[in-house]
Amino acid sequence: MEIFMKRALVVQLTRFGDLVQTKRLILTLAGRGFEVHLCVDRSLKSLAEIIYPDCIVHSLIAHGTGIKDISLVFTVNYKIFQDLKNINFDQIYNLNFSSMNYALSSLFDSQKVVGHKMVNGQTLKDPWFDLAFRLAEERRNNINIVDYWAALSPEMIPASDVNPVAVSKGGGIGVVMAGRESRRSLPFNVFAPLILAAKSVSKNRKIFLLGSSSEKKISENLLSKFPTSIVKDTVNLVGKTDWKELIELVSNLDFLMTPDTGTMHLAAHLGTPVLGFFLSSAWCSETGPYGKGHTIIQTDCDCSPCVESQPCYNDLKCLEPFNEPNLARFIATRKAKHLPHGLSVFESNCDFLGTNYALKAGQDSDSARRARIRKFIGCHLGILDLGEHGPFPELAKKFYKEKDWITGRG
């Protein structure tokens with residue numbers, strides 16, 4: 001007797017961190033009995049196969065970095081498009097709003113496509129994405145992007161089942177040089193004393209510097225700020241690890257010190273504690289490491305979080321508190337009295353909706369508003385009972401639009 005398995009395709013064509021943050025959706029679909037297929041940029045194919053061993057991974061050229069022969073892009077992608085079109089998918093979860101994603105969506109029956117799609121030449125968003133884009137107007141109170149993608153599917157697995165609780169593994173301190181967005185990263189001269197402070201209370205003497213080959217100069221500048229005795233205990237692996245080696249190293253660390261990076265999300269996936277530094281356009285409630293046991297030191301300026309693509313007119317004032325000497329003392333002691341003004345410390349946990357962040361030191365003037373919005377979203381998704389937790393007239397008025405009621409999308 002032939003058994004017919006449901007098939008779902010998840011199209012995730014963005015970067016390293018986004019691939020890792022698709023985990024809750026992928027696990028949810030697998031839990032619902034789907035054979036999960038995953039379409040990624042070919043630069044991430046080997047990583048996808050490692051972190052999602054139960055998925056069938058398809059890869060195309062979405063970014064084309066370093067491609068000299070443009071005809072290669074057409075040849076490779078045409079074959080992948082044909083292969084995907086010939087698979088009988090029951091549902092397609094199209095997570096990004098790029099031209100490539102829209103082209104892919106047009107291969108399938110539009111009724112099967114969830115997320116972003118193109119219908120009769122018109123680009124459309126799923127009702128949940130429509131609402132989530134409006135919710136993002138309050139970025140300090142926004143939800144984690146892991147939950148944003150996962151909520152496309154009913155019956156989300158519990159947030160606590162996505163990643164292991166983060167615990168120290170005893171293998172030393174990992175340090176990620178920089179993120180893709182330059183303003184989100186700490187300059188080497190600001191980062192160095194914070195690393196030394198963390199090392200002073202670490203049982204393992206080793207420090208591992210991590211990053212892409214483009215960050216080699218930054219790693220060398222950072223090492224120049226270390227005492228000779230610390231340099232001897234530091235292993236510079238910037239530009240030297242493949243995906244498998246990176247995973248093996250990160251999985252054994254005491255903790256990872258990092259800005260908002262893909263390696264940060266990989267650490268959360270592996271259950272390695274993160275000590276994250278968030279400034280500029282990075283805000284922990286949106287893109288912080290997923291799961292329980294991570295710590296974020298978050299800048300709290302009146303202009304943050306900003307938009308990275310727009311110029312900074314405030315002379316990067318969100319960076320100033322990270323340059324205060326007392327921050328190193330806070331990292332060494334974890335005593336709130338040493339935390340510089342303009343910074344807040346949050347620790348990650350899991351609630352009914354997903355991953356949330358609780359204040360441990362500093363200020364969080366948005367906590368009540370954020371808690372109310374989370375309950376509003378929980379009721380909207382059917383996770384919470386509106387009669388018990390609602391109503392939310394002011395939030396409904398702000399975030400729902402007339403067309404939602406007219407079309408039945410609200």
* Could you pull out the closest heavy-atom pair between Ser285 and Arg140, with the gap in Å? => OG-O, 3.3 Å

* Can you see which heavy atom on Leu353 is nearest to which on Met156, and at what distance? => O-CE, 4.4 Å

* Check: Val274 and Thr258 side chains under 4.5 Å, non-hydrogen atoms -> yes

Which donor-acceptor pairs under 3.5 Å do side chains of residues 314-332 form with protein atoms, sequence neighbours excluded?
unit_1, atom_1, unit_2, atom_2, d
Lys317, NZ, Asp302, OD1, 2.9

* Asked: What pair of heavy atoms forms the shortest contact from Asp41 to Ala62, and how long is it?
  -> OD1-N, 2.8 Å

* Residues Asp233 and Arg205 bridged, charged N to O under 4.0 Å -> yes

Exercise answer: donor-acceptor pairs, residues 162-175 side-chain atoms, under 3.5 Å, sequence neighbours excluded:
unit_1, atom_1, unit_2, atom_2, d
Asn163, OD1, Lys23, NZ, 2.8
Asn163, ND2, Tyr290, O, 3.1
Ser168, OG, Asp254, OD1, 2.7
Lys169, NZ, Ser251, O, 3.1
Lys169, NZ, Leu270, O, 3.3
Lys169, NZ, Gly271, O, 3.4
Lys169, NZ, Thr272, OG1, 3.4

* Asked: Relative to the ring of Phe346, is the ring of Tyr357 parallel (under 30°), tilted (30 to 60°) or perpendicular (over 60°)?
  -> perpendicular

* To do: Find out whether Ser105 and Val11 are in side-chain contact, i.e. whether some heavy atom of one side chain is under 4.5 Å from a heavy atom of the other.
  => no

* Ser281 side, atom OG; Arg139 side, atom CZ - distance, nearest 0.5 Å -> 6.0 Å

* Asked: Excluding sequence neighbours, so at least two apart, what forms side-chain contact (heavy atoms from CB on, under 4.5 Å) with Thr234?
  -> Ile207, Leu209, Leu223, Phe226, Ile230

* Structure fact -> With Thr123 as partner, the option from Lys117, His116, Met118 fulfilling side chain to side chain contact (heavy atoms under 4.5 Å, CB included) is Met118

* Quick one: does NZ or CZ of Lys225 land under 6.0 Å from the six-membered ring centre of Phe188, within 45 degrees of the ring axis? -> no

* Residue pair His265 / Gly288: nearest heavy atoms and the distance that separates them -> CE1-O, 4.0 Å

* To do: Go through the side-chain N and O atoms of Ser213 and Glu215 and say whether any donor and acceptor fall under 3.5 Å apart.
  => no

* What do the steps show when you test Lys112 against Phe89 for side-chain contact (heavy atoms from CB on, under 4.5 Å), and what is the final call? -> CA-CA 8 Å; Lys112 294 183 177 182; Phe89 291 113; 5.7 Å; no

* Asked: Is any side-chain N of the basic residue among Glu248 and Lys244 closer than 4.0 Å to the acidic one's carboxylate O?
  -> no

* Check step by step if side-chain contact (heavy atoms from CB on, under 4.5 Å) holds for Asp18 and Asn96. => CA-CA 10 Å; Asp18 300 282; Asn96 322 118; 5.8 Å; no

* Report the distance from atom SG of Cys379 to atom CG of Asp385, rounding to the nearest 0.5 Å. => 7.0 Å

* Asked: Is the shortest heavy-atom distance from the side chain of Leu27 to the side chain of Leu25 under 4.5 Å?
  -> no

* Drop me the distance from Gln21's CD to Met264's CE, to the nearest 0.5 angstrom. => 6.5 Å

* Using a 4.5 Å cut-off on heavy atoms from C-beta on, say whether the side chain of Phe392 contacts that of Arg372. => yes

* Worked check of side-chain contact (heavy atoms from CB on, under 4.5 Å) between Glu138 and Phe399 -> CA-CA 11 Å; Glu138 295 197 22; Phe399 295 118; 3.8 Å; yes

* Asked: Who passes ring pair (Phe, Tyr, Trp, His ring centres under 6.0 Å) against Phe278, sequence neighbours left out?
  -> none

* ring-ring contact (aromatic ring centres under 6.0 Å, His included) contacts touching residues 227-250 (sequence neighbours left out) -> Phe16-Trp243

* Asked: Which residues satisfy the side-chain contact (heavy atoms from CB on, under 4.5 Å) test with Ile56, sequence neighbours excluded?
  -> Glu35, His37, His58

* Asked: Is it the case that Arg32 and Ser153 place a side-chain donor and acceptor less than 3.5 Å from each other?
  -> yes

* Asked: Above 12 or not: heavy atoms from other molecules or residues under 6.0 Å from CZ of Arg334?
  -> yes

* **Leu384 side chain near Lys375 side chain, heavy-atom distance below 4.5 Å** => yes

* Locate the shortest heavy-atom distance separating Ala396 from Phe376; write the atom from each residue and the value. => N-CE1, 4.0 Å

* Asked: Does a side-chain N-to-carboxylate-O contact under 4.0 Å join Asp147 and Arg24?
  -> yes

* Asked: From Leu381 CG over to Trp128 CH2, what is the distance, rounded to the nearest 0.5 angstrom?
  -> 4.5 Å

* Asked: Any side-chain heavy atom of Glu347 sitting closer than 4.5 Å to one from Lys292?
  -> no

* To do: Using a cut-off of 6.0 Å, state whether more than 12 heavy atoms not belonging to Glu245 lie near its atom CD.
  => yes

* To do: State, to 0.1 Å, how close Ser59 and Ile80 come at their nearest heavy-atom pair, and which atoms those are.
  => O-CG1, 3.2 Å

